[in-house]
Amino acid sequence: MLNYQRYRKNPVVHYPEREWPNKEIVKAPIWCSVDLRDGNQALIDPMVVHEKIEFFNYLLKLGFKEIEIGFPAASQIEFDFLRQLIDRKMIPDDVVVQVLTQCREELVDRTFESIKGCKQAIVHIYNSTSTLQRDVVFHMNKDEITNIAVEGTKMVKERAKNFPGKIILEYSPESFTGTELDYALEICTAVQETWGATKEDPIIINLPSTVEMNTPNVYADQIEWMNKHFKNRESIILSVHPHNDRGTGVASSELALLAGADRIEGTLFGNGERTGNVDIMNIAYNMFSQGIDPGLHIEHINESIEIYERCCKIPIHPRHPYAGKLVFTAFSGSHQDAINKGVKAMKERGSEIWQVPYLPIDPSDIGREYEPIVRINSQSGKGGVAFIMDTYFGFKLPKGMHREFANVIQKVSEAQGEVSPDEIMENFRNEYLNQKEPIHFRKLRVDDLSGETKSEFDTKVFVTYTNNGVEKQFEAVGNGPIDAVKRGLQEELSVDMKILDYEEHALQSGSNSQAAAYIHLLDVDTGDVTYGVGVSSNITRASVRAIFSAVNRLKLG
């Protein structure tokens, strides 16, 4: 039995005056990628300089304006990487690079050495403030912890005076979620006042969920409490840096935006320590799905996946939101049917608003148009098989035929697992199009009898076919070619059959267009029914082939 008594519930915030539950996200935050620092440090095989440069350039392509590029005072690779970006003039004028450092003089000096020549930079200082870390890691009281932050701020401020570019200070009370709110406010305010933040020259106060310790609503309460209690709030850019230890990093970030956060630090696809940083792509796509401009160029997700997987050496999970190979795929029969009907309704209505069951966005909007939405296995149903036949091959199966053919594919899937579109089409050919035994349609001639007043029928057909390889002919009359051929086959085969339904449609357009015809046929004597399918460039020949297909499937020949 789980020894749950070893653990205790983390305290919640008593904050009944919360306002965030009644708010909505209406715009994108300031995005800051920490892929090259926080994400990179968590890789089994961290990126080398040329990989960092490639990743940095891709972040620029995505539209990031703030990018934390490393901890240059702690790593020669990160120092060299930053120097390359500056010396090769690879940082656009509208992009701010961010560098992390602890509040130690030699590290601050090394950090400023690394950004020499940079037009603007965010210097990000931090120290741990939680009750647990104060106790077991630093053995310091609150005043001593505050002094670390204040002295670090003074170091940066002093060096910023002589720096030819613009320096923006960011301060993070690391392990904020485990810090008493009144003390978190106290230490952040001390840094804010030491820096001398103003509306024109604001400070970034970053409140990280360094370790997720509670439900997202508690984090939102913490953020809103800080937001409401800051002095000179207009001099602060309120940033959050959530991790995903409880699997709720995205929810925590979204609720933090409701609670007043202006900025989010995270990584592409959520890479980072332990369970990762918050997934910026996930949040951005969530906004996109709600009709909000995410402020990032994320319309080519496959490109993002390729670069991420190659540079980080971590595969995207197939169920990863938006990016996973299976997230726009339906195996369930009821889901497939709903998707099929939803797509059809969209086309019929000519709607510009995307509304399809089980698909929150159009996969093609983010570059996923070539991946299957519907895949067939033993859990699939008639709607899914019909969707595949229509989407991939242009066969719009009559509704009554959906179950019949789905039963065929069900047997295949139960035997082998997932059935590919090509395998579905192969079974369709074998079951319908290639049903040419024992009787095989060969030739047809149609005469119009409508001018002959003595005849009760308007069509006469001359049909050549083989029965078990023996060539035969018949002629018959009827009201149209289909009726005439049916009457002729009844006479030839000594059977009684009835056409219950007939449908046809073009398979493709142009000079080489083909038509598909579907005949729903009843064996009157036994009550058995089935469909036959025929394809030809001539719709009449396609219909006759469909009749012969159905007769063979009913074994009437």
Side-chain angles (χ1 to χ4, degrees), residues 325-326 328-341 343-344 370-441 468 499-508 514-523 526 528-537 539 541-557:
K325 291 183 179 179
L326 298 179
F328 295 118
T329 298
F331 289 99
S332 161
S334 61
H335 289 207
Q336 292 170 348
D337 183 58
I339 290 171
N340 192 9
K341 291 173 179 175
V343 171
K344 183 179 179 181
Y370 299 114
E371 299 181 37
I373 293 175
V374 169
R375 287 167 62 172
I376 305 302
N377 64 12
S378 61
Q379 303 301 306
S380 305
K382 54 186 176 61
V385 174
F387 184 89
I388 292 290
M389 289 302 299
D390 185 3
T391 304
Y392 281 79
F393 308 108
F395 284 89
K396 303 180 187 302
L397 307 187
K399 188 171 183 179
M401 188 179 174
H402 290 188
R403 171 54 58 196
E404 178 179 290
F405 185 47
N407 288 340
V408 173
I409 301 304
Q410 179 79 8
K411 293 177 182 178
V412 177
S413 64
E414 287 175 351
Q416 71 176 48
E418 184 178 354
V419 187
S420 71
D422 286 342
E423 289 175 311
I424 291 173
M425 186 62 210
E426 180 182 0
N427 277 273
F428 184 77
R429 289 193 190 95
N430 292 338
E431 286 290 327
Y432 298 100
L433 302 182
N434 295 337
Q435 285 287 349
K436 299 177 179 179
E437 298 296 337
I439 60 170
H440 185 182
F441 166 64
N468 290 303
I499 294 175
L500 301 177
D501 191 24
Y502 167 75
E503 293 186 30
E504 64 182 50
H505 65 80
L507 277 174
Q508 59 196 51
Q514 295 267 301
Y518 309 86
I519 295 288
H520 195 196
L521 195 65
L522 164 70
D523 180 346
T526 65
D528 293 338
V529 293
T530 194
Y531 277 87
V533 184
V535 172
S536 175
S537 58
I539 188 58
R541 293 180 62 84
S543 304
V544 174
R545 286 175 176 171
I547 296 174
F548 274 73
S549 168
V551 167
N552 284 323
R553 297 194 81 246
L554 284 174
K555 297 180 170 46
L556 299 179

Enquirer: Looking only at heavy atoms, what is the nearest atom pair of Asn552 and Ile439, with distance?
Expert: ND2-O, 2.8 Å
Enquirer: Judged by modelled atom types alone, do Thr530 and Glu404 share a side-chain donor-acceptor pair under 3.5 Å?
Expert: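 Result is yes, a qualifying pair exists.
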Enquirer: State, to 0.1 Å, how close Gly394 and Leu507 come at their nearest heavy-atom pair, and which atoms those are.
Expert: O-CD2, 3.3 Å
Enquirer: Got a second to check how far Ile424's CD1 is from Asn427's CG, nearest 0.5 Å?
Expert: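 Rounded to the nearest 0.5 Å, the CD1-CG separation comes out at 8.5 Å.
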Enquirer: May I ask you to establish whether Arg553 and Tyr432 are in a cation-pi arrangement, using a distance under 6.0 Å from NZ or CZ to the six-membered ring centre and at most 45° from the ring axis?
Expert: yes
Enquirer: Is a side-chain donor or acceptor of Ser549 paired with a backbone partner of Arg545 at a separation under 3.5 angstrom?
Expert: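 Looks like no, no N/O pair under 3.5 Å.
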Enquirer: Within this structure, what is the NE2-CG distance for the pair His440 and Asn434, rounded to the nearest 0.5 Å?
Expert: 9.5 Å
Enquirer: Between His520 and Tyr531, how do the two ring planes meet: parallel, tilted or perpendicular, split at 30° and 60°?
Expert: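 The arrangement is parallel - the two ring planes meet at less than 30°.
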Enquirer: Over all heavy atoms of both residues, which pair between Tyr518 and Lys396 is shortest? Give the atoms and the distance, please.
Expert: OH-N, 3.4 Å
Enquirer: Measure the CD1-CD1 distance between Ile547 and Ile499 for me, rounded to the nearest 0.5 Å.
Expert: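 One gets 4.5 Å once the value is rounded to the nearest 0.5 Å.
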Enquirer: Do Glu503 and Met401 have side chains that get closer than 4.5 Å, going by heavy atoms?
Expert: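 No - every pair of side-chain heavy atoms lies 4.5 Å or more apart.
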Enquirer: Locate the shortest heavy-atom distance separating Thr329 from Lys325; write the atom from each residue and the value.
Expert: OG1-O, 3.8 Å
Enquirer: Kindly compute the distance separating CG (Leu521) from OH (Tyr502), expressed to the nearest 0.5 Å.
Expert: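 Here the interatomic distance stands at 14.0 Å.
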Enquirer: Mind listing the closest non-hydrogen atom pair of Ala517 and Ala546 along with its distance?
Expert: O-CB, 3.6 Å
Enquirer: If every non-hydrogen atom of Ala386 is compared with every non-hydrogen atom of Asn340, which pair is closest and at what distance?
Expert: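 What the structure gives for the nearest pair is CB-ND2, 4.2 Å.
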Enquirer: Taking the six-membered ring for Trp and the single ring otherwise, decide whether the centroids of Phe428 and Phe405 are under 6.0 Å apart.
Expert: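 Ring centres of Phe405 and Phe428 closer than 6.0 Å.
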Enquirer: Side chains of Leu397 and Phe387: closer than 4.5 Å at any heavy-atom pair?
Expert: no
Enquirer: Between the side chains of Gln435 and Glu431, does any donor sit under 3.5 Å from an acceptor?
Expert: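 Judged by distance alone, the side chains do not pair up.
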Enquirer: Give, for atom CD1 of Ile409 and atom CD of Glu423, the distance between the pair rounded to the nearest 0.5 Å.
Expert: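 Answer rounded to 0.5 Å: 9.0 Å.
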Enquirer: Rounded to the nearest 0.5 Å, what separation is found between the CG atom of Leu556 and the OG1 atom of Thr526?
Expert: 7.0 Å
